[in-house]
Structure formats: structure tokens, C-alpha cells
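Notes follow the structure.
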Amino acid sequence: QLQASGGGLVQAGDSLRLSCAASGRTFRSYTMGWFRQAPGKEREFVASINFSGSRTYYADSVKGRFTISRDNAKNTVYLQMNSLKPEDTAVYYCAARTGGYYYSASLEYDYWGQGTQVTVSS
């Protein structure tokens with residue numbers, strides 16, 4: 001089970017850190033990812049991280065502004081979002097998959113959290 005939190009209403013240029021807490025003892029064996037879905041748009045990939053945290057992958061739209069990380073001792077994955085823009089407004093979901101981290105299609109992920117709303121005002 002995945003539980004995302006940390007969303008909120010911020011202004012453009014602000015920062016937020018999302019967290020996703022996972023239950024179960026096998027968290028450290030999963031690739032973790034963050035996706036987002038804006039109103040009227042399809043769900044899109046944001047970032048992923050491999051099981052150990054040594055490899056990350058980002059969508060071009062967030063590269064250089066967002067950082068994904070994980071703490072396997074706490075069964076938690078994070079998404080640090082800096083320099084937020086109004087176009088970052090969306091519901092953000094965490095997801096998990098077995099296998100490699102270099103996957104951006106939502107169909108490649110097996111487990112999903114419930115989502116947390118991020119709203120960036122201009």
C-alpha cells in the first residue's frame with residue numbers, strides 16, 4: 001500500500017516536498033515513481049528511482065527542478081519540487097514496479113497510491 005502526502009497550495013517559485021510511505025517489508029526491492037495528472041489531461045511521468053536510490057530518471061519538464069529520493073529504512077520515497085510553476089499543478093501519484101527504473105509509462109507500474117493535490121498559483 002502506498003500513501004502519498006505533502007501536497008498543497010503554493011505560489012510560483014515556491015518549493016514543496018511530497019512523500020510516499022509504503023507498507024510491507026519488500027519496499028527496498030521496488031523501483032518507485034512519481035506521476036501527475038492535471039485536469040483534462042492524461043497521467044504523465046515525472047520521475048523514477050531504482051531500488052537502491054543510485055539511479056534516477058526524470059521527465060524533461062521537471063529536470064533540474066525536481067529531485068526524487070528514497071529512504072529504504074523508512075519505506076518512503078520523496079519528491080522535492082523547487083521553482084514550481086503553474087503548469088506543475090496536478091494530482092501527484094506515487095507508484096511502484098518490480099524491475100528497472102528507466103520506465104515512464106504508467107502501464108509499467110504495478111501499484112499506485114491515492115494521489116496528493118499540488119496547486120501552484122501565478
Side-chain angles (χ1 to χ4, degrees):
Q1 186 176 2
L2 302 174
Q3 183 79 24
S5 62
L9 173 62
V10 297
Q11 293 187 331
D14 285 350
S15 298
L16 269 180
R17 189 176 80 157
L18 305 183
S19 299
C20 176
S23 58
R25 291 176 290 179
T26 60
F27 172 79
R28 65 185 65 229
S29 67
Y30 284 90
T31 282
M32 300 299 296
W34 286 98
F35 289 75
R36 65 187 183 187
Q37 188 166 18
K41 295 188 176 181
E42 293 188 355
R43 190 170 298 188
E44 66 173 358
F45 171 77
V46 175
S48 61
I49 188 166
N50 73 335
F51 69 99
S52 68
S54 63
R55 297 276 191 258
T56 57
Y57 176 39
Y58 295 94
D60 287 343
S61 58
V62 306
K63 202 173 295 183
R65 298 188 299 123
F66 290 10
T67 302
I68 188 171
S69 61
R70 67 190 297 161
D71 185 338
N72 286 341
K74 295 182 178 179
N75 279 12
T76 302
V77 62
Y78 305 98
L79 185 68
Q80 177 67 43
M81 305 186 295
N82 298 331
S83 302
L84 282 162
K85 304 175 181 179
E87 51 263 45
D88 295 319
T89 295
V91 177
Y92 283 71
Y93 299 89
C94 60
R97 72 181 304 275
T98 56
Y101 73 99
Y102 208 75
Y103 290 87
S104 59
S106 58
L107 292 176
E108 297 286 352
Y109 288 75
D110 304 305
Y111 306 101
W112 292 84
Q114 86 292 357
T116 185
Q117 176 71 47
V118 173
T119 304
V120 185
S121 63
S122 57

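The model shown is predicted, which means the values in this text are computed figures rather than measured ones.
- Interatomic distance, Leu79 CG to Met32 CE, rounded to the nearest 0.5 Å: 11.5 Å.
- Contact detail for Val10 and Ser15: the closest heavy-atom pair is CG1-O, 4.4 Å.
- With a 4.5 Å cut-off on side-chain heavy atoms, Leu16 and Phe66 do not count as touching.
- The two residues Ala22 and Leu2 make their nearest non-hydrogen contact at CB-CD2, 3.5 Å.
- Not one N or O on the side chain of Thr76 forms a donor-acceptor pair closer than 3.5 Å with the backbone of Asp71.
- Remark: side-chain polar atoms of Arg55 are not paired, donor with acceptor, to backbone N or O of Asn50 under 3.5 angstrom.
- We find the CD-OG1 distance between Gln117 and Thr89 to be 7.5 Å, quoted to the nearest 0.5 Å.
- Within the 3.5 Å criterion, the main-chain N or O of Arg65 finds no donor-acceptor partner in the side chain of Ser83.
- Applying the side-chain contact (heavy atoms from CB on, under 4.5 Å) criterion to Gln37, with sequence neighbours excluded, gives Arg43, Tyr93.
- Ala90 and Ala38 get closest at one heavy-atom pair: CB-N, 3.8 Å.
- For the atom pair CG (Asn75) and OG (Ser23), the distance works out to 8.0 Å, reported to the nearest 0.5 Å.
- Listed for the Ser19 side chain is no donor-acceptor partner under 3.5 Å among the backbone atoms of Ser5.
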Applying side chain to side chain contact (heavy atoms under 4.5 Å, CB included) to Val62 and Arg36, what does each step give before you reach the verdict? CA-CA 11 Å; Val62 306; Arg36 65 187 183 187; 4.0 Å; yes
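- Looking at heavy atoms from C-beta onward, Val118 lies out of side-chain contact with Asp88 at the 4.5 angstrom threshold.
- Within the structure, disulfide bond (SG atoms under 2.5 Å apart) pairs that include any residue of residues 4-97 comprise Cys20-Cys94 (at least two apart or interchain).
- Within the structure, ring pair (Phe, Tyr, Trp, His ring centres under 6.0 Å) contacts touching residues 102-122 (residues at least two apart or in different chains) are Tyr30-Tyr111, Phe35-Tyr109, Phe35-Trp112, Tyr57-Tyr102.
- In terms of modelled atom types and a separation under 3.5 Å, the side chain of Asp14 and the main chain of Val120 share no donor-acceptor contact.
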